> 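One structure, as structure tokens, below. Some questions next.
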There are 2 protein chains.
Amino acid sequence: MTSSGTRKYEQQRQSAIRSAAAVFAEKGFHGSCTKDIAEHMGIKQGSLYYYFKSKEEALDEVCLYGIQDYVQHMEKIADGDQTFEAKLIATVTSHLSSYREKNEALKVYNDERLYLPSERRRRLKKLGSDYRQRLEGIFENGKESGAIKQSVDCHFAAQAVIGMCNAWGDLIVRDPDLDLFEVIQNCTDLLFNGFTNKS
Amino acid sequence: MTSSGTRKYEQQRQSAIRSAAAVFAEKGFHGSCTKDIAEHMGIKQGSLYYYFKSKEEALDEVCLYGIQDYVQHMEKIADGDQTFEAKLIATVTSHLSSYREKNEALKVYNDERLYLPSERRRRLKKLGSDYRQRLEGIFENGKESGAIKQSVDCHFAAQAVIGMCNAWGDLIVRDPDLDLFEVIQNCTDLLFNGFTNKS
DNA sequence: TTTAACTTCTATAAGTCTATAGAATTTTGC
DNA sequence: GCAAAATTCTATAGACTTATAGAAGTTAAA
């Protein structure tokens with residue numbers, strides 16, 4: 001009943017968050033029921049409420065789990081003093097690695113439809129737009145330093161990178177044998193040079 | 001009771017499909033109830049079943065509505081005898097225009113989690129992968145004709161274009177004042193030349 | 001105007017799902 | 001090994017949803 005700080009409690013709560021992430025990612029929040037989550041984790045439906053106050057709270061935890069180090073990593077990249085090229089490569093690498101590792105929670109996080117109800121969830125959503133703004137800042141710096149063309153629209157560029165990484169991330173998740181390094185290679189090459197032959 | 005071919009029946013059914021698209025897009029299939037759809041359309045919950053056998057059938061219709069001309073347009077582009085550049089521009093233009101017009105239905109269509117149950121839905125899903133394969137073919141031709149670099153991975157490239165268009169499409173939908181032409185410009189410039197300055 | 005076909009409504013059965021209460025079981029500290 | 005605390009279980013109330021049946025209302029044709 002108490003959210004006690006027991007070792008087991010914390011472990012089981014983490015396990016519950018991961019189970020919720022898996023089930024939500026597969027069927028969507030409204031498509032899953034607490035029974036599914038409990039079964040995935042190996043306990044009974046009612047027992048889940050020892051770890052969460054509600055299904056909504058489980059969702060909050062999954063979203064937080066999915067986004068937190070993702071954004072932290074971006075801050076480090078953005079604040080660093082590398083070149084534009086290095087920062088963009090680091091971003092793509094971080095985004096795609098994170099996708100492989102926590103794709104389920106990220107998938108849940110990325111579902112826009114879930115961001116209306118709670119205040120907490122709105123704050124979580126803001127983390128995502130922070131991420132985009134940081135990336136936008138990287139592009140702006142790149143423009144100032146002359147690394148990228150003046151014609152580039154930084155807002156669009158950031159959106160494009162994120163959209164592309166998500167699309168590639170899906171591929172990575174579906175095909176676990178796919179070489180992450182190769183994907184990153186392809187992705188950065190497109191972003192820097194485009195597809196066209198310049199011979 | 002009969003799925004009669006009355007004028008009014010057909011009109012109301014279309015209206016029901018559009019309402020379903022709007023509600024599903026906002027709340028997700030499992031997050032919406034037939035009452036929401038009926039209210040959006042201005043009738044009572046039970047009356048909806050005069051137009052659909054089930055909620056699932058409504059979903060099928062929404063998906064079909066969202067994807068059909070989208071794919072047809074792609075076939076025309078792919079089969080045409082334009083240059084690689086022209087085809088890619090046409091693809092991006094078609095994709096983004098379609099997004100502005102039917103984004104709700106497309107959003108529903110793009111939700112993977114809905115593609116397990118019915119045979120009909122699996123066929124619909126296939127239309128999406130047809131689309132990607134056609135685009136992949138355009139890239140392959142571009143490689144043969146020397147328009148694009150040999151190092152480009154056509155499978156990834158197609159996925160990248162689609163992912164980027166979807167991300168940009170979201171922007172367009174959220175900000176209706178956004179100039180479609182400018183977005184297309186940005187998008188194609190990235191795809192052809194990348195961000196990097198080549199001075 | 002009358003009649004038949006069409007469209008919409010009301011009411012509800014049957015099912016599912018969340019969240020809670022309290023009992024039962026397991027674990028921990030002494 | 002015992003008592004207290006922590007964890008899990010069972011059972012269920014209460015709410016919500018889909019889909020159906022049949023009544024009521026509307027439109028169209030003769």
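Each chain gets a letter, A, B and so on, in the order its sequence line appears, and its residues count up from 1. Remember, predicted model here, so these are calculated numbers, not experimental data.
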> Could you check which of D:dT18, C:dT8, C:dT18 has an atom nearest any side-chain atom of A:Cys33?
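Ranking D:dT18, C:dT8, C:dT18 by closest atom to the A:Cys33 side chain puts C:dT18 first.
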
> Quick check: on DNA chain D, is the nucleotide nearest A:Gly46 upstream (toward 5') of the one nearest B:Lys55, or the reverse? Name the residue that is more 5'.
A:Gly46

> Determine, for A:Phe195 and B:Lys149, whether the Lys NZ or Arg CZ falls below 6.0 Å from the six-membered ring centre while staying within 45 degrees of the axis.
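The answer is no, since B:Lys149 fails at least one limit relative to A:Phe195.
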
> Assign each of A:Met41 and B:Ser32 to its nearest nucleotide of DNA chain D by heavy atoms, then name whichever residue's nucleotide is nearer the 5' end.
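Closest to the 5' end, via its nearest nucleotide, is A:Met41.
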
> Using a heavy-atom cut-off of under 4.0 Å over every strand shown, decide if B:Gln45 touches base, sugar-phosphate, or nothing.
base

> Measure the distance from CD on A:Glu57 to C1' on C:dT18 and round it to the nearest whole Å.
14 Å

> In whole angstroms, how far is the C1' atom of D:dG22 from the OH atom of B:Tyr49?
17 Å

> So does B:Arg121 pair up with B:Glu56, basic N to acidic O under 4.0 Å?
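A salt bridge links B:Arg121 with B:Glu56.
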
> Does C:dT18 have its OP1 or OP2 closer than 4.0 Å to a side-chain nitrogen or oxygen of A:Thr34?
yes

> Using a 4.0 Å heavy-atom cut-off across all strands, classify A:Ser47 as base, sugar-phosphate, or nothing.
base

> Rounded to the nearest angstrom, tell me the gap between atom NZ in B:Lys35 and atom P in C:dT12.
17 Å

> Let's see if you can work this out: which of C:dT8, D:dT18, C:dA19 has an atom nearest to the side-chain heavy atoms of B:Tyr51?
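Comparing C:dT8, D:dT18, C:dA19 against the side chain of B:Tyr51, the answer is C:dT8.
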
> Nearest whole angstrom, please: distance from the C1' of D:dC16 to the CD1 of B:Ile37.
15 Å

> Take atom CZ of A:Phe29 and atom C1' of C:dC17, then tell me their distance rounded to the nearest Å.
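That distance rounds to 12 Å.
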
> Indicate whether OP1 or OP2 belonging to C:dT7 is found under 4.0 Å from a side-chain N or O atom of B:Thr6.
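Checking C:dT7 against B:Thr6, a side-chain N or O does come within under 4.0 Å of OP1 or OP2.
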
> Whole angstrom is fine here: how far is it from CD in A:Gln12 over to P in C:dT26?
15 Å

> Taking only side-chain N and O atoms of B:Tyr50, does any of them lie within less than 4.0 angstrom of OP1 or OP2 on C:dT8?
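No, B:Tyr50 has no side-chain N/O under 4.0 Å of OP1/OP2 on C:dT8.
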
> Evaluate the ring planes of B:Tyr51 and B:Tyr9, with Trp represented by its six-membered ring, and classify them as parallel (under 30°), tilted (30 to 60°) or perpendicular (over 60°).
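B:Tyr51 and B:Tyr9: tilted rings.
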
> For C:dT26, take OP1 and OP2 only and decide whether either is under 4.0 Å from a side-chain N or O of A:Lys8.
no

> Could you state the CD-P distance from A:Gln11 to C:dT27, rounded to the nearest angstrom?
13 Å

> D:dT8 P sits how many Å from A:Glu39 CD, rounded?
16 Å

> Considering only NZ, NE, NH1 and NH2 on the basic side and carboxylate oxygens on the acidic side, decide whether B:Asp130 and B:Arg134 come within less than 4.0 Å.
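Looking at B:Arg134 together with B:Asp130, the answer is no, because their closest N to O distance does not fall below 4.0 Å.
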
> For A:Arg18, is there an ion pair with A:Glu61 - N to carboxylate O distance below 4.0 angstrom?
no

